[in-house]
Colleague: 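Please read through the structure below; I'll follow up with questions.
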There are 2 protein chains.
Amino acid sequence: MAAPEKKNGRERMLDRRKKIREAIRQAAIDEFAQKGLAGASTQSIAQRAGLTKPQLHYYISSKEELYEEVLVHINELWRDIFIASSGDSKDPAKVIRDYVRNKLEFGRRHPNASRVFSNEVAAGGHYLQKHWHSAREATRAAAEIIQSWVDKKLIKPVDPWLFQMHIWAVTQHYADYEAQIRFMLQLKDGEEIDMDHVVDEVSTLFLRACGLK
Amino acid sequence: MAAPEKKNGRERMLDRRKKIREAIRQAAIDEFAQKGLAGASTQSIAQRAGLTKPQLHYYISSKEELYEEVLVHINELWRDIFIASSGDSKDPAKVIRDYVRNKLEFGRRHPNASRVFSNEVAAGGHYLQKHWHSAREATRAAAEIIQSWVDKKLIKPVDPWLFQMHIWAVTQHYADYEAQIRFMLQLKDGEEIDMDHVVDEVSTLFLRACGLK
DNA sequence: AAGCAATCTGAGCAATCGGTCAAACTGTTT
DNA sequence: AAACAGTTTGACCGATTGCTCAGATTGCTT
């Protein structure tokens with residue numbers, strides 16, 4: 001008899017609660033991604049999560065708070081994919097390539113989360129302000145690394161802050177504006193974007209931009 | 001007595017109507033930019049335009065139709081700033097630099113219009129589908145020009161479609177995510193983004209990316 | 001079987017939503 | 001001054017918004 005299988009009532013209850021909260025978060029992400037904070041309805045979120053409206057309100061205290069919780073959750077997911085987190089900072093080309101790939105991959109795996117985040121930032125980021133400092137810290141650390149590359153003449157001179165935001169902009173674009181890309185490339189309904197080609201092209205863009213290719 | 005000053009009643013009426021419609025469009029752009037289609041309220045649009053709600057509904061037939069009209073209007077504004085429209089297609093560096101500057105300038109002048117457009121594209125662009133063909137045509141024409149540069153070995157090989165979308169992504173980013181940029185660069189409330197520096201940095205990014213710098 | 005906390009439910013709250021309508025009010029033309 | 005199209009108004013429609021609450025129901029512990 002394995003220990004983790006022996007769950008008493010309390011544990012099962014907490015387990016269930018956790019699953020429901022998870023479902024609510026996912027439902028909220030989908031709804032917020034499509035309608036925005038103002039346009040989202042708790043009714044619709046409840047439906048997506050397979051709950052009734054009063055049931056949903058039993059688990060959350062308000063729409064705004066749910067929105068904030070979702071943003072914090074997405075922000076945490078994000079933290080792992082910053083330039084600074086790419087292991088060996090002595091090989092600029094590898095770091096940039098990895099970062100681009102990771103960010104594109106992330107957007108592909110969490111398109112709605114990506115959209116919620118973008119919309120919030122575009123709207124002014126008021127609900128995020130308390131949590132932005134960690135993002136800025138990561139960006140600052142990466143800026144230092146990039147600057148050190150410039151100083152050592154490993155790469156051509158670039159503005160280390162803007163350089164990062166340009167990578168952010170391009171990679172984010174593939175997550176948030178899939179519709180535009182699909183239309184421009186005239187992809188049929190079943191067809192998928194050739195992500196290997198995209199990773200190639202985007203990597204090349206930024207590698208050339210700092211003289212590495 | 002100059003002719004255009006001699007306006008009869010009918011002309012004055014049409015004039016007035018035009019101004020009100022213009023005010024409504026601007027109000028709608030601001031509201032849609034902040035709340036999205038679902039979140040925008042006709043009440044609020046009316047208020048922004050200095051009208052009462054029934055008064056607004058006298059001029060528009062529905063919220064959705066107003067939204068569509070706004071999108072078409074923005075789409076028309078946009079048409080002028082496509083790569084293909086930059087005069088001399090024989091000097092790639094000049095064309096790219098001009099395009100980047102124009103697009104950044106446009107975003108700076110019409111930030112809310114820019115945001116409405118972006119949000120709509122991110123949401124799937126369903127309300128735009130009838131009008132996208134013109135954008136795709138312009139992009140296709142530009143893609144041909146870029147490809148011809150590659151063929152003549154004026155620039156390093158790039159995917160002409162993705163290359164354009166990358167420029168779109170970066171320039172759009174400055175219009176739509178001003179909050180992020182302001183926070184990252186730690187700008188105080190009064191401070192303005194140094195757009196000359198941005199134009200420089202973005203131009204350099206794409207010029208280097210095709211071996212022109 | 002009784003007790004208990006956690007959960008679920010239907011009914012309903014005030015407020016707002018998009019939109020309508022008849023009646024009053026404009027300013028201009030006869 | 002009468003007639004007129006164009007415009008504005010307040011009252012109002014049914015539907016939906018975020019959210020609450022008392023009471024019924026559930027599943028676990030004693």
Side-chain angles (χ1 to χ4, degrees), chain A residues 4-25 27-71 116 126-127, chain B residues 4-25 27-71 116 126-127:
Chain A
E5 284 184 27
K6 196 179 127 200
K7 287 185 180 175
N8 61 25
R10 175 139 201 96
E11 278 179 68
R12 255 212 299 281
M13 188 196 78
L14 291 175
D15 234 50
R16 194 182 121 78
R17 188 145 67 187
K18 212 172 173 182
K19 271 195 184 170
I20 291 184
R21 282 190 199 279
E22 172 74 33
I24 290 175
R25 206 168 43 212
I29 288 177
D30 294 345
E31 173 80 359
F32 286 135
Q34 283 185 21
K35 310 268 191 70
L37 168 59
S41 84
T42 54
Q43 175 82 265
S44 177
I45 293 173
Q47 219 156 24
R48 286 175 195 263
L51 305 172
T52 63
K53 194 167 57 152
Q55 209 176 346
L56 173 69
H57 276 95
Y58 176 75
Y59 287 96
I60 69 168
S61 56
S62 77
K63 186 172 79 162
E64 289 209 354
E65 208 173 279
L66 174 58
Y67 183 65
E68 234 183 294
E69 190 208 305
V70 161
L71 283 177
V116 172
H126 304 297
Y127 287 88
Chain B
E5 283 185 31
K6 195 177 129 204
K7 290 187 179 176
N8 60 25
R10 176 141 200 93
E11 278 179 71
R12 254 211 300 281
M13 188 196 78
L14 291 174
D15 234 50
R16 193 182 122 77
R17 188 145 66 186
K18 212 172 173 181
K19 270 195 185 170
I20 290 184
R21 281 189 198 278
E22 172 75 32
I24 290 175
R25 206 167 44 211
I29 287 176
D30 293 345
E31 173 79 0
F32 285 134
Q34 283 186 23
K35 311 270 191 71
L37 169 58
S41 84
T42 54
Q43 176 82 265
S44 177
I45 293 172
Q47 218 156 25
R48 286 175 194 262
L51 305 172
T52 63
K53 191 168 61 152
Q55 208 176 345
L56 172 70
H57 277 95
Y58 176 76
Y59 288 96
I60 69 168
S61 56
S62 77
K63 187 173 78 161
E64 289 210 354
E65 207 173 279
L66 174 58
Y67 182 64
E68 233 182 295
E69 190 208 303
V70 162
L71 284 178
V116 172
H126 304 297
Y127 287 87

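The model shown is predicted, which means the values in this text are computed figures rather than measured ones. A, B, ... follow the sequence lines: proteins, then strands. Residue 1 opens every chain.
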Colleague: With sequence neighbours excluded, what pairs up with A/Lys35 under the salt bridge (Lys or Arg N to Asp or Glu O under 4.0 Å) test?
Modeller: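 In terms of salt bridge (Lys or Arg N to Asp or Glu O under 4.0 Å), with neighbours along the sequence ignored, A/Lys35 is linked to A/Glu31.
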
Colleague: Just N and O in the side chain of B/Thr52: are any of them under 4.0 Å from OP1 or OP2 of D/dT8?
Modeller: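 So the side-chain polar atoms of B/Thr52 never come under 4.0 Å of the phosphate oxygens OP1 or OP2 of D/dT8.
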
Colleague: Any side-chain N or O of B/Tyr59 below 4.0 angstrom from OP1/OP2 of D/dT8?
Modeller: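 B/Tyr59 to D/dT8 OP1/OP2: side-chain N or O found under 4.0 Å.
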
Colleague: Any pair with a residue in residues 30-68 of chain B that passes ring-ring contact (aromatic ring centres under 6.0 Å, His included), sequence neighbours left out, goes on the list, sorted by first then second residue, please.
Modeller: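 Every pair satisfying ring-ring contact (aromatic ring centres under 6.0 Å, His included) with a residue in residues 30-68 of chain B: B/Phe32-B/Tyr67, B/Tyr67-B/Tyr127.
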
Colleague: To the nearest Å, give me how far apart CG (A/Leu14) and P (C/dA5) are.
Modeller: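 It is 16 Å, rounded to the nearest whole Å.
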
Colleague: Only counting residues at least two apart or in another chain, list the ones meeting side chain to side chain donor-acceptor pair (under 3.5 Å) with A/Glu22.
Modeller: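 Side chain to side chain donor-acceptor pair (under 3.5 Å) list for A/Glu22, sorted by chain: A/Arg25.
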
Colleague: Just the rounded figure in Å: distance from C1' of D/dG27 to CG of A/Asp15.
Modeller: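 For the pair A/Asp15 CG and D/dG27 C1', the rounded distance is 15 Å.
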
Colleague: Using atom NZ of B/Lys18 as one end and atom C1' of D/dT7 as the other, report the distance to the nearest whole Å.
Modeller: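 After rounding, the reported distance stands at 20 Å.
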
Colleague: CG of A/Leu51 versus P of C/dT7: gap in Å, rounded?
Modeller: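 To the nearest whole Å, that distance equals 12 Å.
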
Colleague: Mind listing the closest non-hydrogen atom pair of A/Ile45 and A/Ile24 along with its distance?
Modeller: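 In terms of heavy atoms, the two residues are closest at CG2-O, 4.4 Å.
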
Colleague: State, to the nearest 10°, the angle formed by the axis through the first five base pairs of the helix from C/dA1-D/dT30 to C/dT30-D/dA1 and the axis through its last five.
Modeller: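 Taking five pairs per end, the axes differ by 20°.
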
Colleague: To the closest 0.5 Å, what do you measure between OG (B/Ser44) and CD (B/Gln34)?
Modeller: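 If we round to the nearest 0.5 Å, B/Ser44:OG and B/Gln34:CD are 8.0 Å apart.
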
Colleague: So, taking the atom named NZ in A/Lys18 and the one named CG in A/Leu14, what distance separates them when rounded to the nearest 0.5 Å?
Modeller: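 If I round to the nearest 0.5 Å, the distance is 9.0 Å.
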
Colleague: At their closest point, which heavy atom of A/Leu56 faces which heavy atom of A/Thr42, and how far apart are they?
Modeller: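 Looking at all heavy atoms of both residues, the closest pair is CD2-O, 3.4 Å.
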
Colleague: Taking only N and O in the side chain of A/Gln55, is any of them less than 4.0 Å away from OP1 or OP2 of C/dT7?
Modeller: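 The answer is no; no side-chain N or O of A/Gln55 sits under 4.0 Å from OP1 or OP2.
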
Colleague: Nucleotide by nucleotide, 5' to 3', does protein get under 4.0 Å of the base (B), only the sugar-phosphate (S), or neither (-) in nucleotides 13-19 of chain D, counting heavy atoms?
Modeller: ----SBB

Colleague: Please report the distance, rounded to the nearest Å, between CG in B/Leu56 and C1' in C/dG18.
Modeller: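 Interatomic distance, CG of B/Leu56 to C1' of C/dG18: 11 Å.
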
Colleague: Closer than 4.0 Å, any side-chain N/O of B/Arg17 to the OP1 or OP2 of D/dT7?
Modeller: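 Answer yes for this pair, as a side-chain N or O of B/Arg17 is under 4.0 Å from OP1 or OP2.
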
Colleague: What pairs with B/Glu64 under salt bridge (Lys or Arg N to Asp or Glu O under 4.0 Å), at least two apart in sequence or on another chain?
Modeller: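 Salt bridge (Lys or Arg N to Asp or Glu O under 4.0 Å) check on B/Glu64 returns nothing, list empty.
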
Colleague: Ignoring backbone atoms, establish whether B/Tyr58 has a side-chain N or O less than 4.0 Å from OP1 or OP2 of D/dT7.
Modeller: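 Result: yes.
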
Colleague: Go through the structure and list residues passing side chain to side chain donor-acceptor pair (under 3.5 Å) with A/Gln47, not counting sequence neighbours.
Modeller: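 By the side chain to side chain donor-acceptor pair (under 3.5 Å) rule, A/Gln47 matches no residue at all.
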
